[in-house]
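Computed from a predicted structure; not experimentally measured. Naming: A, B, ... by sequence-line order, numbering from 1 per chain.
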2 protein chains.
Amino acid sequence: MFRENYKSVLDFVARQVFDKLRKFVSITEPKAIEAMETKIRNMEDFAKASGISRPTISKYFNDPNAVRNTTRERIEQALETYDYRPNIFAMNQNRKLTRNIGVVVPSLADPFFAEIARNVERRCIDAGYQPTLYSAHGNRDQEVEILDSLRSLKPAGLLIAPLGRSSDKAMIEKFSRKVPTVLFDSYLPDIGLSFGGSDNFQFGRLIVDYLCRTGTPPCFFEMQNPSNPNANKRRQGYIAAMEALGHAPQVVSVTGEGWNFEEIGRNGGLEIIDSDGFPSDTVLCSNDRLAIGLISACFARKMPVGFEEDSAIRIAGMDDHPFSRFTCPPLTTISQDYEAISKHAVETLFGNLEGDEITDKVVLFEGNLIMRKSA
Amino acid sequence: MFRENYKSVLDFVARQVFDKLRKFVSITEPKAIEAMETKIRNMEDFAKASGISRPTISKYFNDPNAVRNTTRERIEQALETYDYRPNIFAMNQNRKLTRNIGVVVPSLADPFFAEIARNVERRCIDAGYQPTLYSAHGNRDQEVEILDSLRSLKPAGLLIAPLGRSSDKAMIEKFSRKVPTVLFDSYLPDIGLSFGGSDNFQFGRLIVDYLCRTGTPPCFFEMQNPSNPNANKRRQGYIAAMEALGHAPQVVSVTGEGWNFEEIGRNGGLEIIDSDGFPSDTVLCSNDRLAIGLISACFARKMPVGFEEDSAIRIAGMDDHPFSRFTCPPLTTISQDYEAISKHAVETLFGNLEGDEITDKVVLFEGNLIMRKSA
DNA sequence: TTAAAAAGTTTCCGCGCGTAAAATTTTGGT
DNA sequence: ACCAAAATTTTACGCGCGGAAACTTTTTAA
């Protein structure tokens with residue numbers, strides 16, 4: 001064996017000696033360095049340079065724990081010396097399963113999704129996977145397009161917050177049967193391994209209780225045809241909570257399509273204020289972005305918002321949107337548990353990839369009341 | 001030729017006939033269908049099925065215009081019938097150049113970047129490239145990590161809005177020498193093919209002129225150590241404009257690190273209001289997010305914002321942030337030309353990929369004054 | 001009509017890695 | 001020191017495609 005591999009053994013020894021001496025010896029001839037800096041072009045080169053067989057190197061990159069400790073150390077040491085990285089395309093071509101994870105959100109222009117995407121991305125990377133982030137930009141066709149192009153990336157899994165009502169459910173369902181899929185934020189029945197999101201029904205109960213305790217029972221302000229199914233749960237939660245407390249629920253719906261919620265909230269608010277006004281001096285908005293628009297409308301009509309003596313209207317939202325701390329006044333709302341939602345999504349997916357059973361098809365996380373000045 | 005390819009020709013004809021008849025004939029035997037649904041596993045299968053040689057198919061996928069019109073039509077017709085897509089990993093492994101484009105922004109939690117990223121993404125797709133979006137989340141290490149992992153994707157180009165001051169410039173410079181790179185938003189000297197962004201110096205001039213014309217000359221509100229180099233240009237633009245009009249520039253800097261600009265603006269604002277107050281009743285903020293925080297601070301201290309009689313302070317920002325229309329009052333600001341910036345970035349890159357010369361290393365776009373109620 | 005140019009076909013090889021099978025070495029327990 | 005088990009090495013093939021070379025067919029221009 002030694003005689004056959006004479007050349008590579010010599011190379012290896014020479015390299016080691018060179019590395020050891022490098023600090024102490026000043027090498028005046030640049031070519032001497034270049035000659036030693038063997039260019040590692042592929043796994044074969046790296047195997048030769050590190051003195052380990054290529055199949056073992058391959059096993060290491062698939063799973064570092066699949067090789068013996070001493071071998072792993074040798075490989076990792078060589079890795080520091082030579083800075084080789086396997087060709088990701090060649091790997092993915094031959095592997096049954098890539099380590100790509102598709103992360104799809106309905107709209108990145110919404111800081112809520114930007115924040116949760118950040119959370120999810122980090123967790124994927126920490127778990128040794130490669131997340132790729134996509135935004136459907138509120139558009140059904142783009143959501144379909146994303147899944148379509150995702151197919152060819154042979155992803156190991158998909159984490160998706162669907163658009164909701166306008167999603168092509170059949171398409172997502174079909175995709176989820178081929179690729180392990182976990183839904184978050186928006187629930188689509190019977191699709192994917194599991195769903196994790198906020199308990200929107202509870203949101204309504206929580207904040208209605210608070211609002212009734214501290215003032216006039218609220219009316220509910222929402223979009224007429226919400227694209228997000230959470231909106232329906234929230235309305236139902238509101239109605240149930242009102243009835244439980246013996247109040248008559250009053251729902252105010254405004255027209256508007258798309259994802260420009262602030263705009264819709266503002267325009268809808270102006271329209272209502274300028275006609276009959278809200279049926280209550282307390283308005284619970286279906287989400288924070290609508291509330292931000294409504295606060296803007298109240299300001300324009302010089303209606304002071306808040307719970308103080310001279311206030312004309314109380315406004316509350318739901319989501320704890322990153323900007324809701326900076327509205328005037330700061331928005332009282334229900335916080336979504338970003339951490340819990342992203343944790344559930346990622347851990348459920350990776351658990352399943354490693355063979356765990358799915359215990360819960362639907363997991364709901366409770367929100368917390370965030371009391372600020374607006375209500 | 002016919003005799004040699006007899007089998008495949010027959011297959012082809014049979015398939016065509018089958019497709020034509022399918023609508024009219026009810027096929028009771030499922031196996032009959034299955035037999036016809038020839039499974040296309042690779043380009044070779046597709047070549048056989050479509051009756052065109054594999055190298056020609058390959059040429060088509062590299063560039064549909066590289067083949068004769070009649071051939072292209074035949075291929076595209078077959079494509080509709082068989083729904084084959086080349087294996088993206090095998091393609092990228094062998095191609096000198098992939099069609100991947102890396103798109104890197106400093107923070108997706110900032111709707112400004114979310115918006116411009118959306119714009120850039122769409123343009124890349126329309127040009128037939130595959131953008132992948134990354135956010136550095138305001139973190140130097142993550143920016144480095146992104147470029148590092150991007151290397152192995154062999155991207156055809158990079159569109160990056162660097163973090164700015166905290167970027168690892170040497171790393172970006174090194175990357176840009178291997179991969180055609182266009183910068184946007186934040187300028188880094190001598191890096192990349194070209195830079196396109198707003199003329200921040202002009203921003204200052206524009207809004208200072210307006211503010212002086214309509215009231216007290218403004219002071220300038222900024223972060224002490226802005227991570228974004230644009231902030232410096234904006235300050236300089238402010239100072240130059242003030243001096244040109246014969247006013248003494250007054251810069252108010254507040255401490256604060258990171259990308260939570262609203263928070264910094266609010267806390268800094270409160271501190272100043274509670275101590276000596278601003279040196280002018282007109283405050284020009286370095287960017288809209290600071291202004292949003294400052295407006296929130298003024299509200300907390302019951303200082304009416306705006307240009308009306310009973311207002312205590314005028315506040316203006318720069319960026320035309322998506323949310324600045326909904327502040328109370330709506331924020332007067334300078335709009336950035338999203339469209340122009342993203343168009344420049346994408347067109348410069350793709351132009352260069354196709355061999356065009358770079359005409360301008362630096363391209364600046366003017367902003368427009370957006371007059372709202374806050375100043 | 002004819003010749004040159006352009007496009008397509010055959011045939012081959014290579015990319016970098018996964019992975020299987022058989023042979024060999026190393027390891028841990030006795 | 002010995003042996004079975006575990007790990008590694010050798011050897012060899014295949015993945016799906018890019019692309020070169022030599023040849024044949026079709027198109028274009030004269």
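Rounding to the nearest 0.5 Å gives a distance of 8.5 Å between OG of Ser135(A) and CG of Leu133(B). Considering CD1 of Ile52(B) and OH of Tyr60(B), their distance stands at 10.0 Å, rounded to 0.5 Å.
Ring geometry for Phe61(B) against Tyr84(B) counts as perpendicular: the plane angle is over 60°, on a 0 to 90° scale with 30° as the lower cut.
Between Arg72(B) atom CZ and dA7(C) atom P there is a gap of 11 Å when expressed in whole angstrom units. For the pair Arg54(A) CZ and dC17(C) C1', the interatomic distance rounds to 6 Å; values are reported in whole Å. In this structure, the CD1 atom of Ile40(A) is 16 Å from the P atom of dC15(C), given to the nearest Å.
Within the nucleic acid shown, Phe46(B) has no heavy atom closer than 4.0 Å to any nucleic acid atom. Among the atoms of the strands shown, base atoms are found under 4.0 Å from some heavy atom of Ser58(A). Counting any heavy atom pair closer than 4.0 Å across all strands shown, Pro86(A) reaches sugar-phosphate atoms only and no base atom. Within 4.0 Å of Tyr60(B), counting heavy atoms only, lies no atom of the nucleic acid at all.
Contact check, Thr56(A) against dT9(D): a side-chain N or O comes under 4.0 Å of OP1 or OP2. Proximity of Tyr84(B) to the phosphate of dC17(D): a side-chain N or O atom is located under 4.0 Å from OP1 or OP2. Dashed line: the shortest gap from a side-chain N or O of Thr71(B) to OP1 or OP2 of dG8(C) is under 4.0 Å.
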